[in-house]
Every structure is written in C-alpha cells, then in structure tokens.
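So that the names make sense, note that chain A is the first sequence line, chain B the second, and so on, each numbered from 1. Scope of the values below: all heavy atoms of this structure, side chains included, with no hydrogens, waters or symmetry mates.
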There are 2 protein chains.
Amino acid sequence: MSPKSKPSEIRVGALSKERIIASAIDILNSNGESALTFRALASRLSTGSGAIYWHVADKDALLAAATETVLSRSIAEVASAADPAAALRAIALSVFDTIEAHPWVGTQLAREPWQPAMVEIFERSSAQFAALGVSRDAIFPCVSALAQYLIGTAAQTAAAARHKFSASDRSAVLGTIVEQWTQRDPAQYPFVHLLADQVRNHDEREVFLDGLDMILAGAKATL
Amino acid sequence: MSPKSKPSEIRVGALSKERIIASAIDILNSNGESALTFRALASRLSTGSGAIYWHVADKDALLAAATETVLSRSIAEVASAADPAAALRAIALSVFDTIEAHPWVGTQLAREPWQPAMVEIFERSSAQFAALGVSRDAIFPCVSALAQYLIGTAAQTAAAARHKFSASDRSAVLGTIVEQWTQRDPAQYPFVHLLADQVRNHDEREVFLDGLDMILAGAKATL
DNA sequence: GACATACCTGGAACGATGTTCCAAGAGGGG
DNA sequence: CCCCTCTTGGAACATCGTTCCAGGTATGTC
C-alpha cells in the first residue's frame with residue numbers, strides 16, 4: 001500500500017508515483033503500448049518490479065494514472081470560446097489531437113471509458129450544451145452521444161497506430177484494408193467500391209469534425 | 001497452414017475451423033473474454049493447443065473469426081424497412097443488441113474496428129444514407145460518423161460487462177462510478193452532480209437511440 | 001495388401017508477462 | 001547504539017500465446 005503521509009520528505013533519487021508515471025508515459029510515447037512492461041519500467045528506473053508495486057496497485061492503475069495525466073493536462077489547456085458550439089468543437093478536438101499524438105490514450109479510453117479524465121470532459125461538455133440552450137433533460141443524451149463518438153474515434157485512432165508499427169506508413173495501412181474490402185463482389189458491395197478512394201485518402205481530422213457537427217446539429221434539433 | 005482443398009471429406013470427430021470457432025464462441029459467451037485461452041479451448045475440444053494452431057493462425061484470427069460469425073449473422077437478419085432512417089436505426093440496433101448479448105464482440109470491435117463484418121455495416125449503411133438523399137461526397141462522412149458512434153458504444157458496453165463480472169449488478173457498477181464522480185466539489189462540477197441520477201438510471205438502449213437520431217438529424221442537415 | 005506420402009493431432013517446451021513474496025537496506029527517534 | 005517503520009530489489013510463481021516435433025491417420029499407388 002502507498003504511504004499514508006509523506007514521512008519526512010523526498011530522498012533525491014527516491015521512487016515516487018509521479019516519477020513512475022512519468023517514466024511510463026515516456027515508454028508509451030516512444031515505444032508504444034506493448035513496450036510498457038514492469039520489467040522495462042523497473043530497468044528504466046534502475047529498480048525492481050516489486051518496488052513499483054509499492055507505489056502503484058497494478059498495471060491498470062498505472063495506465064489509468066498515465067491517461068489521466070496526459071488527458072486532463074490537454075483538456076485544461078482548451079481555450080474558452082464565445083460560441084458554445086465552438087467550445088464543444090475545441091473540447092473534442094483537444095481529445096482528438098491528444099489521442100493522435102498519444103495513441104495509447106485511445107486504447108485506454110476505449111477499454112476503460114469511465115476514466116477520471118472523462119469526468120472533466122463530461123462536465124465541460126454539459127456546460128456547453130446547456131449554454132447552447134439544450135433543456136435539462138436533454139443534456140445527458142447529448143453528452144452521452146458526444147462521449148461515445150469520442151470513444152469510438154479513440155478506439156479507431158489507437159487501432160490505426162498499432163497497425164502502423166508493422167506497416168509504418170498510414171497509406172500502407174489503409175491501402176491494405178481497402179484492398180481487402182474491394183476484393184469483394186462489386187455487384188454486392190457497390191458502395192464499398194464507390195467510396196474506396198475516400199476511405200483511402202480522407203483527412204481523419206476533417207471527417208472527425210464533420211461527424212462532430214452532425215451530432216451538434218442533432219443536439220440543436222432537440223432544443 | 002490450413003488445408004488447400006478438402007482432401008476427401010470429414011472424419012466425424014475431426015477438428016475443423018468451424019468447430020473451433022463455435023467452441024470459442026461458447027466459451028466467450030458463457031465465461032467471458034478472459035476464459036478464452038488456447039488451453040481451455042483445447043481441453044474443451046479434447047485435443048492439444050498445437051492442433052488448434054493448424055487450423056487458426058493465432059488468437060487474433062480466432063477472435064476476428066468469432067466476431068465475424070456472430071456479427072454478420074445478426075446483420076443478415078435485419079429486416080428491411082420502408083423508411084431509410086428506420087433502416088439505419090434497424091442496422092444500428094442490430095449491432096447494439098448483439099454487443100449487449102455478447103459483450104466480447106464489443107471489445108473486439110473496439111480493438112480492431114476494420115473487422116470484415118464492418119464492411120457489411122459500411123455497405124448497408126451507405127445504401128441507406130444514399131436513399132436518404134445524402135450526396136455522393138457526403139456519404140462517407142456520414143457512415144464514418146455512424147461507425148465511430150457504434151464503435152464507441154461497443155467499447156462502453158463491453159467495459160460495463162467486464163465490470164459486471166466483479167460487481168455482478170448493473171446498478172452496483174454504475175453506482176460505484178457515480179459515487180466517485182460525485183465525490184468531487186459540487187461547485188467545480190455542477191453538471192456532474194446535476195446529471196448524476198440520469199447517469200445512474202438511464203436506459204442505455206434509449207440513450208443509444210437518442211444519439212443515433214442526432215447523427216441522422218445531422219446527416220439530413222447536410223443534404 | 002503393403003508402402004510412401006501428405007495431412008493432422010497431442011502435448012511438451014520456450015519465452016514473456018503480471019504479480020507476489022520476502023530478505024535486506026535506509027533513515028530517524030529513543 | 002538499537003529498534004522500528006518505510007522502502008527497495010530481485011527471485012520465484014502462475015499463466016499466457018506460441019513453437020516444435022514425434023507420432024498417428026488416412027489416402028493414393030503399385
């Protein structure tokens with residue numbers, strides 16, 4: 001179990017939850033999710049795995065803490081906007097950009113959607129939906145839709161990033177997928193063939209914003 | 001590697017990809033994702049793990065095949081509707097209900113969003129958006145938004161199901177989460193407190209449909 | 001009917017991981 | 001100085017996914 005109170009103060013080279021999480025984030029960012037093992041972490045901190053367990057309950061807690069650190073930092077940096085719709089876009093984009101920069105956050109968000117950092121998103125989005133004029137009872141469905149859309153994007157971005165480790169190139173990843181898709185019978189899957197080029201060449205950030213605007217339009221319609 | 005052609009025909013007790021996948025689905029449905037190991041599968045099929053590997057490349061392929069089996073079956077059963085919007089709702093609900101009945105499908109969908117079964121969803125949704133009058137260039141953003149919303153819901157439902165294994169009760173799971181949320185300062189998180197009851201007591205299927213209708217409303221707005 | 005060959009099976013063995021356990025170190029108060 | 005608590009390092013354990021291979025089984029050929 002973790003210390004009840006700071007016994008005296010920091011030994012200089014001492015282990016701490018903060019240092020452990022920072023190292024974990026470094027490993028995740030530079031070498032990907034599969035590189036984060038307690039052995040790698042221990043080696044980077046010049047200690048043993050047992051020492052880490054004294055500060056962190058288990059790997060889930062470690063990942064949750066790392067996610068909260070990265071995500072809540074970027075949410076806090078969201079600039080306030082005059083327009084509620086613009087504010088919602090800014091919040092969503094902040095999450096999107098964080099996940100594109102740190103795909104492991106997306107994996108974690110998809111596996112454990114009720115992360116502490118999600119409360120922040122929930123709160124601030126609710127406020128903006130309210131400012132948009134959404135009635136009290138309709139706020140929850142709106143935030144919920146937004147949250148599930150964000151989580152879906154998170155999962156997809158994280159999956160794409162995982163594939164890039166083998167294919168290294170984005171167009172190669174999408175190319176392989178589209179190739180499999182278009183091997184199907186064009187008569188039975190006309191739209192798959194029709195839209196193949198867009199799947200291959202779309203700008204993910206732009207399509208993300210398009211989808212977001214659909215949800216916002218739908219939210220306004222429920223006023 | 002798998003057989004190139006059926007050499008003659010089936011030995012009665014013979015192993016086959018179909019039997020392996022069926023057993024895997026049984027294990028997943030009855031004992032959850034963590035229960036599916038090659039040892040458990042081999043024991044249920046009265047064989048060794050090596051034999052399974054002759055029919056299935058690895059665990060990812062096994063999970064992908066299981067997911068495709070369950071998901072494409074339920075998509076094929078979707079009744080056709082007169083109204084394109086109703087048809088889209090029917091498709092989405094079929095996915096939603098499948099995942100609620102088999103939460104491991106949700107996990108798999110969130111980890112590997114470009115599953116073969118997703119092509120089916122993609123194709124049929126595109127057709128309905130087209131029937132709705134969405135212009136050719138706007139179809140892809142619409143299907144993409146729908147897909148990400150579905151994936152997000154899949155991830156969330158699967159996560160909830162995982163938690164139920166320890167808490168057993170849905171209200172207990174949500175109760176714990178809401179309790180953590182409401183421990184925060186009401187002054188700083190007013191909406192979290194305001195909406196706590198709705199988080200605890202909402203009907204997930206209904207909220208899912210609400211979000212879906214927002215996306216459809218947004219799609220109609222881009223006509 | 002016997003033999004060769006390609007297909008298929010079972011289980012031992014390997015390497016890696018998360019986690020637990022515990023003997024020992026460090027630091028401060030009596 | 002000793003004792004007690006907090007902290008550390010690393011060995012050890014249980015499980016996994018996966019690989020390997022010795023053997024079994026069916027089939028086509030003479």
Side-chain angles (χ1 to χ4, degrees), chain A residues 1-21 23-24 27-28 31-67 104 107-108 111-112 162 165-166, chain B residues 1-21 23-24 27-28 31-67 104 107-108 111-112 162 165-166:
Chain A
M1 197 56 63
S2 195
K4 298 131 196 204
S5 62
K6 307 279 167 187
S8 60
E9 262 324 295
I10 22 82
R11 249 177 312 168
V12 277
L15 223 47
S16 72
K17 191 169 183 182
E18 289 73 27
R19 259 175 32 98
I20 292 173
I21 293 171
S23 290
I27 294 176
L28 288 165
N31 295 17
E33 329 181 18
S34 62
L36 180 65
T37 66
F38 275 83
R39 282 169 179 79
L41 194 53
S43 143
R44 175 184 256 262
L45 291 165
S46 309
T47 181
S49 12
I52 298 175
Y53 274 92
W54 198 88
H55 297 271
V56 172
D58 53 17
K59 197 174 185 184
D60 281 347
L62 178 62
L63 283 167
T67 304
W104 54 270
T107 303
Q108 187 56 208
R111 191 188 313 275
E112 288 294 328
R162 266 193 302 271
F165 260 69
S166 35
Chain B
M1 196 60 59
S2 195
K4 297 130 197 209
S5 62
K6 306 279 165 184
S8 61
E9 264 323 297
I10 22 82
R11 250 180 310 173
V12 276
L15 224 45
S16 71
K17 191 169 182 181
E18 290 72 25
R19 254 171 42 92
I20 292 173
I21 292 170
S23 290
I27 293 177
L28 287 166
N31 294 22
E33 330 181 17
S34 62
L36 181 64
T37 65
F38 275 82
R39 283 169 178 80
L41 193 53
S43 144
R44 175 183 254 262
L45 291 164
S46 308
T47 181
S49 9
I52 298 174
Y53 275 92
W54 199 89
H55 297 272
V56 172
D58 53 16
K59 196 175 184 183
D60 280 347
L62 178 63
L63 283 168
T67 303
W104 54 272
T107 303
Q108 187 56 208
R111 190 188 315 276
E112 288 294 330
R162 266 193 302 273
F165 260 70
S166 36

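- Rounded to the nearest 0.5 Å, atoms CG (A:L15) and NE2 (A:H55) are 4.0 Å apart.
- Taking CG of B:L41 as the start and CG of B:L36 as the end, the distance is 6.0 Å to the nearest 0.5 Å.
- Put simply, the side chain of A:S43 never gets that close to the backbone of A:R39: no donor and acceptor are under 3.5 Å apart.
- Counting to the nearest Å, the C1' atom of C:dT17 and the CG atom of A:D60 are 14 Å from each other.
- We find that CH2 of A:W54 is positioned 13 Å from C1' of C:dA26, with the value rounded to whole Å.
- A:S46 comes within contact range of the sugar-phosphate backbone alone, with a heavy-atom separation under 4.0 Å but no base atom that close.
- Rounding to the nearest 0.5 Å places CG of A:D60 at 7.0 Å from CD of A:Q108.
- Considering only residues two or more places apart in sequence or on other chains, B:S49 meets the side-chain contact (heavy atoms from CB on, under 4.5 Å) condition with B:F38.
- At least one side-chain heavy atom of B:R162 sits less than 4.5 Å from a side-chain heavy atom of B:T107.
- Separating the OG1 atom in A:T37 from the CG atom in A:N31 is a distance of 10.5 Å, to the nearest 0.5 Å.
- Following rounding to the nearest Å, A:L41 (CG) and D:dT8 (P) show an atom-to-atom distance of 13 Å.
- If you measure from atom CD1 of B:I20 to atom C1' of C:dC8, you get 11 Å, rounded to the nearest angstrom.
- Contacts between residues 31-40 of chain B and DNA chain D, defined by a heavy-atom separation below 4.0 Å, involve B:L36, B:T37, B:F38, B:R39, listed by number.
- The shortest side-chain heavy-atom distance between B:L62 and B:I52 does not fall under the 4.5 Å cut-off.
- Checking C:dT19, D:dT8, D:dG17 against the side-chain heavy atoms of A:D58 singles out C:dT19 as nearest.
- Atoms CD1 and CH2, from B:I27 and B:W104 in turn, are 11.5 Å apart once rounded to the nearest 0.5 Å.
- For A:I52 and D:dT8, the CD1 to P distance is 10 Å, given to the nearest whole Å.
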Please tabulate the protein-to-nucleotide N/O contacts below 3.5 Å involving nucleotides 21-25 of chain C, giving atom names and distances.
none

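- We find that CZ of A:R44 is positioned 20 Å from C1' of D:dT8, with the value rounded to whole Å.
- Atom NE2 in A:H55 sits roughly 8 Å away from atom C1' in D:dT8 (whole-Å rounding).
- What separates CG of B:L45 from C1' of C:dG11 is a distance of 15 Å, to the nearest Å.
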